[in-house]
Visitor: 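Before anything else, here's the structure in question.
Values below: all heavy atoms of this structure, side chains included; hydrogens, waters and symmetry mates excluded.
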Amino acid sequence: MTIDIEHVHGGWSVYGNDGGKIGTVYEAGPDYILIDRGLLGTKHLHVPVSAIEKIESERVYLNVPEYGIDELGWDERLKPWL
């Protein structure tokens with residue numbers, strides 16, 4: 001299945017495949033979504049489009065669980081801009 005993130009917008013909710021809320025979309029690029037995670041968006045994740053399972057009803061669902069998302073290293077790509 002091909003995921004088209006062209007219509008994903010900031011403010012949409014992001015969930016893991018275990019149903020846990022991961023955060024909120026900050027922006028979407030051609031091959032990633034940037035997610036605000038944590039209290040007041042204090043942590044950001046640069047999620048590759050390959051991790052998106054589906055998009056529906058202003059929600060993005062990932063193919064990974066919420067409980068292990070912090071160990072995937074998706075915050076590493078952002079460090080030069082933080």
Side-chain angles (χ1 to χ4, degrees):
M1 172 183 10
T2 302
I3 299 294
D4 179 13
I5 63 171
E6 180 179 322
H7 302 291
V8 173
H9 299 286
W12 287 20
S13 296
V14 181
Y15 294 88
N17 63 3
D18 59 352
K21 185 171 180 184
I22 293 171
T24 305
V25 174
Y26 180 75
E27 72 176 35
D31 59 351
Y32 70 93
I33 57 173
L34 183 61
I35 298 174
D36 283 338
R37 177 168 170 76
L39 187 60
L40 303 174
T42 55
K43 184 170 186 172
H44 305 283
L45 299 175
H46 197 272
V47 178
V49 70
S50 62
I52 299 173
E53 185 173 300
K54 64 182 176 177
I55 300 168
E56 62 182 31
S57 303
E58 297 187 7
R59 292 182 176 194
V60 177
Y61 296 90
L62 303 184
N63 58 16
V64 295
E66 185 269 337
Y67 69 84
I69 197 117
D70 292 324
E71 284 78 44
L72 294 174
W74 290 341
D75 58 334
E76 297 297 319
R77 205 162 165 191
L78 291 177
K79 285 185 179 176
W81 296 299
L82 291 179

Visitor: Run the side-chain contact (heavy atoms from CB on, under 4.5 Å) test on I55 and W12 for me, step by step, so that the C-alpha distance in whole Å, both residues' side-chain angles and the decisive distance to 0.1 Å come before the verdict.
Guide: CA-CA 10 Å; I55 300 168; W12 287 20; 3.6 Å; yes
Visitor: Looking at residues at least two apart in the chain, or sitting in another chain, which of them share a salt bridge (charged side-chain N to carboxylate O under 4.0 Å, His left out) with D70?
Guide: R37, K43
Visitor: Begin with the C-alpha distance, continue with both residues' side-chain angles, and end with the deciding distance and a verdict on side-chain contact (heavy atoms from CB on, under 4.5 Å) for K21 and V14.
Guide: CA-CA 6 Å; K21 185 171 180 184; V14 181; over 6 Å; no
Visitor: In chain order, what residues pass the salt bridge (charged side-chain N to carboxylate O under 4.0 Å, His left out) check against E56, with sequence neighbours excluded?
Guide: K54
Visitor: Is there a path of hydrophobic side-chain contacts, each under 4.5 Å between heavy atoms of I/L/V/M/F/W/Y residues, joining V60 to L72?
Guide: yes
Visitor: What closest approach, in Å, do I69 and L62 show between heavy atoms, and which atom pair accounts for it?
Guide: CD1-CD1, 3.8 Å
Visitor: Can you see which heavy atom on I5 is nearest to which on D31, and at what distance?
Guide: CD1-N, 4.3 Å
Visitor: With no hydrogens and no angle check, just 3.5 Å: does a side-chain donor-acceptor pair link H44 and D36?
Guide: yes
Visitor: What are the two closest non-hydrogen atoms of P65 and D18, and how far apart are they?
Guide: CB-OD2, 3.6 Å
Visitor: To the nearest 0.5 angstrom, please state how far the CG atom of D75 sits from the CD1 atom of I35.
Guide: 12.0 Å
Visitor: Could you walk me through whether L34 and V25 pass the side-chain contact (heavy atoms from CB on, under 4.5 Å) test, one step at a time?
Guide: CA-CA 6 Å; L34 183 61; V25 174; over 6 Å; no
Visitor: Rest of the hydrophobic cluster containing Y15 (Ile/Leu/Val/Met/Phe/Trp/Tyr, side-chain heavy atoms under 4.5 Å)?
Guide: Y61
Visitor: Quick check for you: to the nearest 0.5 Å, what is the distance between I33 atom CD1 and E27 atom CD?
Guide: 10.5 Å
